[in-house]
Amino acid sequence: MNSGSKSTSTTAIDASPFAHQARRIGLWLLGPAGALLLAALASFPAVPAHAQNIETAPSFVDDFTSFNRERWYVSDGWTNGSHQNCTWSKGQISLSNSVLSLGFEKQKTKDREFACGEIQSKQRFGYGTYEARMKTDTGPGLNAAFFSYIGPSDKQPWDEIDFEILTKDTSKVQVNAYIDGKGKNEKLVEVPGGTDKAFNDYAFVWEKDSLRWYVNGQLVNTITDPAKLPSHAQKIFFSFWGSDTMNGWMGAFADPGRKLSLQVERVAFTALGEPCQFPESLACTIKQLGTSN
């Protein structure tokens with residue numbers, strides 16, 4: 001695989017017209033518009049989730065030959081809180097040569113000096129294998145992430161499973177899980193060759209009795225403690241954002257002086273017991289430790 005950026009003809013992605021969800025480190029800083037939005041979200045029915053048999057959307061693979069608006073929301077016009085120094089912008093989501101790019105660049109929007117990119121799935125997924133093939137840029141104070149999440153804006157507890165690349169150090173990726181809003185399951189693992197030099201494969205396998213993370217097909221972390229395992233179906237996210245305040249974790253932010261990007265070649269979900277979605281999939285080779293029943 002060519003590890004260079006693919007930057008020929010680029011197609012911008014329009015934002016989804018649907019309601020957007022607050023998530024992660026806190027809810028939005030609510031103004032009148034935010035209050036109205038959360039009121040609208042509260043009217044949405046919750047999807048039932050069961051600790052022993054979590055409902056899931058179907059398996060899929062997306063290689064970004066086109067942008068599937070039936071599958072993805074595009075975050076646009078807000079931030080996740082005061083910690084974030086950029087505004088989500090549909091203009092930071094684009095396709096080029098079957099690669100999805102999430103950008104970060106200096107572009108004043110509302111009260112922020114930078115614009116950044118995020119997409120989230122419209123459907124929720126349960127037990128199975130989650131995979132993404134990605135390449136990051138580099139720079140302090142930035143977070144390039146592939147993760148699953150559900151939370152209060154969906155009338156559910158906060159559950160989350162993470163791959164987060166803090167691009168101050170592209171030799172590592174942080175894996176983590178949040179259960180009912182409680183984390184402290186983080187672990188830094190090596191990415192041979194670096195996250196910015198080539199595309200790498202990141203995957204986690206979520207089953208009833210275990211949660212396992214893989215980098216380039218190698219097992220890097222396992223959780224089996226029932227108290228640390230998610231129990232609610234989640235949406236799939238990609239995001240690339242910065243912070244001026246989270247220096248201890250992400251490094252002291254510095255204006256990169258150019259547009260940066262998180263590039264995604266492929267994402268897939270394979271429900272437990274279903275055939276793998278593409279030949280190189282981790283789900284074709286690993287042993288499933290449990291079932292969804």
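Keep in mind that the numbers below use all heavy atoms, side chains included, and drop hydrogens, waters and symmetry copies.
Not one N or O on the side chain of Asp63 forms a donor-acceptor pair closer than 3.5 Å with the backbone of Arg266.
The environment of NZ in Lys108 is crowded: more than 12 heavy-atom neighbours from other residues, nucleotides or ligands sit within 6.0 Å. Applying the 6.0 Å contact sphere to NZ of Lys182 captures no more than 12 heavy atoms from other residues, nucleotides or ligands.
Among the candidates Val173, Thr136, Asn143, the single residue satisfying the side chain to side chain contact (heavy atoms under 4.5 Å, CB included) test with Leu166 is Asn143. Of the residues Tyr214, Tyr130, Tyr127, the one that meets the ring-ring contact (aromatic ring centres under 6.0 Å, His included) test with Phe204 is Tyr130.
Thr79 and Gln84 share no side-chain donor-acceptor pair at under 3.5 Å. Gln174 and Trp249 are linked by a side-chain donor-acceptor pair at a separation below 3.5 angstrom, with hydrogens and angles left out of the test. Checked by atom type, the side-chain pair Gln92/Glu105 shows a donor-acceptor distance below 3.5 Å. The closest side-chain donor-acceptor pair between Trp241 and Asn80, if any, does not fall under 3.5 angstrom.
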Distance-only check: which donor-acceptor pairs under 3.5 Å involve side-chain atoms of residues 216-226, not counting sequence neighbours?
residue : atom : partner : partner atom : Å
Asn216  : OD1  : Asp201  : N            : 2.8
Asn216  : ND2  : Asn200  : OD1          : 2.9
Asp225  : OD1  : Ala227  : N            : 2.9

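When side chains are defined from C-beta on, Leu100 counts as touching Phe67, because their heavy atoms get closer than 4.5 Å. Counting only heavy atoms from C-beta outward, the side chains of Tyr202 and Val215 approach each other to under 4.5 Å. Side-chain contact between Gln234 and Arg124 is absent, with no heavy-atom pair separated by less than 4.5 Å.
Note on Arg212 versus Glu207: salt bridge recorded, some NZ/NE/NH1/NH2 to OD/OE distance being below 4.0 Å.
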Verdict with reasoning, Phe125 to Phe60, per ring pair (Phe, Tyr, Trp, His ring centres under 6.0 Å): CA-CA 11 Å; Phe125 301 87; Phe60 76 91; 5.5 Å; yes
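Centroid-to-centroid, the aromatic rings of Tyr178 and Phe147 stay 6.0 Å apart or farther.
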